[in-house]
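Computed from heavy atoms alone, side chains included, the values below leave out hydrogens, waters and symmetry copies. To find a chain, count down the sequence lines: A is the first, B the second, and so on, and within it residues start at 1.
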Amino acid sequence: QSTFTSPMRITTSSQSGAGRGGLPGGQGDRVLDDDGSDVTPQPLSQADPSGAHQAKGDRFFVEDITGGSASEQATAAGSFTMPFSRYMCIFANNVLNQSNIRLSKHQPYDRHEHMKRDTVEEEVTEEMLKEVIDVYISETDSVSLLDIPSTVMSVDTDESEAIIERNRQYAEVCRNRMGNDKYMERSMQTLSGAAKDKHVQSDAVVMVNTATSASTWDIYDALCSPVPQKTNYPEATQSMICIISLSLSPATAVSSLKEVDVFGSTSGAESDLQLIMQSETFQNCLLVMEKSILGNTFQPDLAAYRQLPVLEDPDFPVRQRKEETESGGPPALQRLWAFNCELNRGRSVRSMAWNKKNTDLLAVGYGENDSGDLTPGLVCCWSLKNPTWPERVLHCDSAVTSLDFSANNPSRLAVGMLNGNIAIYDVQGREQNSHVVSSSECLKKHLGPVWQLRYNQQGLIAVFVCRIMIQMIKNKAYCYHVTIQTSCASSVTDVMKLKRIHNTKKKARGNNTEKTGSVLTAMTPGLCFDFYPTDPSVYLVGTQEGLIHSCSSSNNQHFLDTFRKHFCAVNCVAWCPLSPDVFLSCSSDWTIQLWKLDQLNPVLGFTSIQRAVCDIKWSPKWATIFGAVNEGQLEIWDLNSSFLDPVAVQPAAPGVTMKSLLFTSRADCVLVGDSDGQVTVYRLKNLRVGESSQVRL
Amino acid sequence: MAEVEETLKRIQSQKGVQGIIIVNSEGIPVKTTLDNSSTVHYAGLIHQLVMKARSTVRDIDPQNDLTFLRVRSKKNEIMIAPDKDYFLIVIQNPSD
């Protein structure tokens, strides 16, 4: 680009006076360098050279500029200033054109020819370029484009006094204006300029409708839960439309946290099923559902169990009407239902126990099956709410002979087995076989079956174990009174105290002192025991020989008393819970004996049929009623009504022998376990029980 | 998982049970023992009923929630166990 510092000669041909543009290049003006190169500033607009032949003043003017400066330098220099210069030139053109039209309209053609001649001359003589040309620079006239006179003036100027005077006069005029008759208000109409339309266009704003009904719980959820996920609004329009069209989806009731997507794909449903099936809440839910279904099925039986009036179904005529004989009729046993499932079919029920805390939970221990082979034992925990499937199933190493729930830890179940092992299970967890302690690794383990197991008040287990006379060498049979301290952490119990009680053979005179340390004393195994209700340190032991001893745990050398009457094994002894000092014993010699603690001979004896009596229990509610199970039938005896016959008899199903018995504490029902694995629940009806707990003999 | 299957089979074999439907949270039945049209019918209608019931319970006390719903009708009983991920619907006729 050429700068203007070098001396230049500018030939100006200023033809018209005022109105000449302030541009250094007027009409036909050219600026030449020292070297004679043309450095005429380019016009701001590069008009089309092809339009030069139009006879218009403005066009002609532009044409002159471009025609005159046909140098390489000019075109190259203006390459990027061209747009700018074009704009400026247009503006300048507007001003100039008007003046040109006014002033030089009358000479359009002469200019053109003149310029043409100039260019022709230029091209012909090159020597002229080397001439020294004088350039005379003169200012063009100033054109004022904007003249706003200032309204402020310095006080020091000459005219300031006049201005001040004029100001003062004006202020006075203004002050006098108010209320002066010289001045009158008049309205004027001002012209409003023509309005110009302007259009603006933008992208359409996407509007989305959302709605929700905020219910009380919706607000609560939003407060309590973590930040909800944002829904995608652009896609929401699509799904919104779809939601409205389908009446299924609850558009307004859905909480703001959930996204409702009605179009679930099939693959999504499949994986959903897997997720659902594996979730734990689903399992619980299934169990609850099962119990509800069974509640419907067993509703009359369960209501009878709980001594509730049976509800009549209004849509179905009642079939139970014939059984509604509350008054009148002999005492009878009504069969309600049986706990039975395929797991325990064929196994004989050896022992049953209620849970101390939840009296609807029953633990049943199953022993060997009918063929007598020692299959691994089974313990099932049944709930009253589901008689078709046990709540917990525990598999044991060997046949179960006895079990008991703990009173201090209501979820602990102690199980004694045929091979002498004792295991304590925790039935609260769902995982199977979670036994807390087991005595199978214990050093001094007993080799005989654990005939009976009982928790006493201190939380210890008193285990009654009998050692089968297998070791003929020693010729001894021990009755172990073992106290086991259970500890949760360790899995092996330490047998803390092992008291060995030597049981002497029955002497003819009833002398019941034993000889300690006598090798040749024959011992008899003990089969059952029971703690004295008021003093837990005293207990009764029934032996296989038919003797019943009362012992004290503080004295392990001597028996307190011996009761002789039975001549076969004593199967069970039971203290009466409501009447002190009275207990019952039953034995395989077909008899049941009633004793008082201070008499060595039985007070009463009962026999009914000539079968071994397996189990006997007092009723927890009535002092004079007890139940006995012999192999053929279940008998309920009432001491108030008859000593000779039971008041109610329920024969066993054919081919099945009844094995064990349990009363329920609150209801008047009896559970009977039999050799087929069923535990049947019977209800005692129409027992006319007296209030007295004493029986006159 | 096998336990769940077993429990489902036991429920299916109980007395009077006419059908079991498991519906996922979107109202689509994922497992059923009834025919397709009944399943879809039940699923759609019961979904709305459970929503209404749950809304009612929670409106009264927002800390409460619906755990079980039983609808006893002349011919049968519909038992619904709702959860936030699924519904379990069992139809039983107890006097069968």
Side-chain angles (χ1 to χ4, degrees), chain A residues 213 215-221 223-224 246-250 252-255 257-266 268-290 292-299 313-316 319 341 386 388-389 430, chain B residues 1 3-8 10-11 13-17 20 22-31 40 43-45 47-48 51-52 54-65 67-68 70 72-75 77 79-90 92-96:
Chain A
S213 64
S215 48
T216 316
W217 51 270
D218 210 350
I219 297 170
Y220 177 83
D221 272 347
L223 276 179
C224 296
L246 285 163
S247 60
L248 276 184
S249 70
T252 53
V254 164
S255 120
L257 293 177
K258 267 195 193 169
E259 261 188 356
V260 179
D261 178 13
V262 187
F263 303 112
S265 62
T266 50
E270 187 54 45
S271 62
D272 269 350
L273 178 63
Q274 294 302 317
L275 276 175
I276 291 173
M277 301 275 263
Q278 280 163 5
S279 76
E280 185 161 335
T281 52
F282 185 69
Q283 247 174 337
N284 292 342
C285 175
L286 273 178
L287 291 171
V288 167
M289 182 66 81
E290 194 182 357
S292 310
I293 294 172
L294 287 166
N296 273 339
T297 316
F298 285 100
Q299 199 264 339
D313 202 343
D315 298 309
F316 295 99
R319 304 166 302 196
C341 75
N386 189 347
T388 59
W389 192 261
R430 279 222 77 97
Chain B
M1 183 70 179
E3 237 187 79
V4 166
E5 294 281 355
E6 233 182 75
T7 314
L8 272 174
R10 280 208 310 272
I11 292 181
S13 62
Q14 296 290 352
K15 177 181 138 188
V17 170
I20 304 175
I22 303 176
V23 176
N24 71 355
S25 58
E26 296 150 8
I28 302 170
V30 293
K31 188 172 164 72
V40 169
L45 295 168
H47 190 76
Q48 301 177 48
M51 285 299 164
K52 188 67 184 170
R54 180 180 269 156
S55 165
T56 306
V57 167
R58 297 206 72 201
D59 245 350
I60 294 170
D61 178 9
Q63 291 176 340
N64 207 356
D65 200 2
T67 52
F68 206 79
R70 289 172 96 148
R72 185 78 177 89
S73 70
K74 273 194 199 164
K75 295 194 182 169
E77 174 162 1
M79 287 176 270
I80 305 150
D83 189 82
K84 68 174 177 58
D85 295 327
Y86 58 85
F87 297 156
L88 173 66
I89 304 168
V90 173
Q92 185 196 16
N93 187 355
S95 60
D96 254 353

Query raised in the report: Would Glu290(A) and Thr7(B) satisfy side-chain contact (heavy atoms from CB on, under 4.5 Å), going step by step from the backbone distance to the final call?
Result: CA-CA 8 Å; Glu290(A) 194 182 357; Thr7(B) 314; 3.6 Å; yes
**Report entry** Euclidean distance, Ile20(B) CD1 relative to Leu286(A) CG, rounded to 0.5 Å
**Finding:** 8.0 Å
Query - Distance, nearest 0.5 Å, that separates CZ of Arg54(B) from CH2 of Trp217(A) - result: 8.0 Å
Report task. Would you mind checking which part of Ile60(B) comes under 4.5 Å of any heavy atom in chain A, side chain (CB onward), backbone (N, CA, C, O), both or neither? Result -> neither
Query raised in the report: Asn386(A) and Arg10(B): side-chain hydrogen bond (donor to acceptor under 3.5 Å, both in side chains), yes or no, with the steps?
Result: CA-CA 11 Å; Asn386(A) 189 347; Arg10(B) 280 208 310 272; over 6 Å; no
Query raised in the report: Looking only at heavy atoms, what is the nearest atom pair of Ser292(A) and Met79(B), with distance?
Result: CB-SD, 3.5 Å
Query raised in the report: When you check the gap from the basic side-chain N to the acidic O, do Arg58(B) and Asp218(A) get nearer than 4.0 Å?
Result: no
Requested in this report: Test Lys15(B) against Leu294(A) for side-chain contact (heavy atoms from CB on, under 4.5 Å), laying out the working first.
Outcome: CA-CA 8 Å; Lys15(B) 177 181 138 188; Leu294(A) 287 166; over 6 Å; no
Report task. For Tyr86(B) and Phe282(A), indicate whether the former's side chain and the latter's backbone hold a donor-acceptor pair under 3.5 Å. Result -> yes
Report task. Check each atom of Ile219(A) against the heavy atoms of chain B and say whether the ones under 4.5 Å are side chain, backbone, both or neither. Result -> neither
Query - Step-by-step side-chain contact (heavy atoms from CB on, under 4.5 Å) determination, Phe68(B) to Met289(A) - result: CA-CA 9 Å; Phe68(B) 206 79; Met289(A) 182 66 81; 3.9 Å; yes
Query raised in the report: Can you check whether Arg70(B) reaches Asn296(A) side chain to side chain, under 4.5 Å on heavy atoms?
Result: yes
Query raised in the report: Would you say the side-chain atoms of Thr216(A) and Asp59(B) include a donor-acceptor pair closer than 3.5 Å?
Result: yes
Query raised in the report: Contact part of Ile22(B) toward chain A, heavy-atom cut-off under 4.5 Å: side chain, backbone, both or neither?
Result: side chain
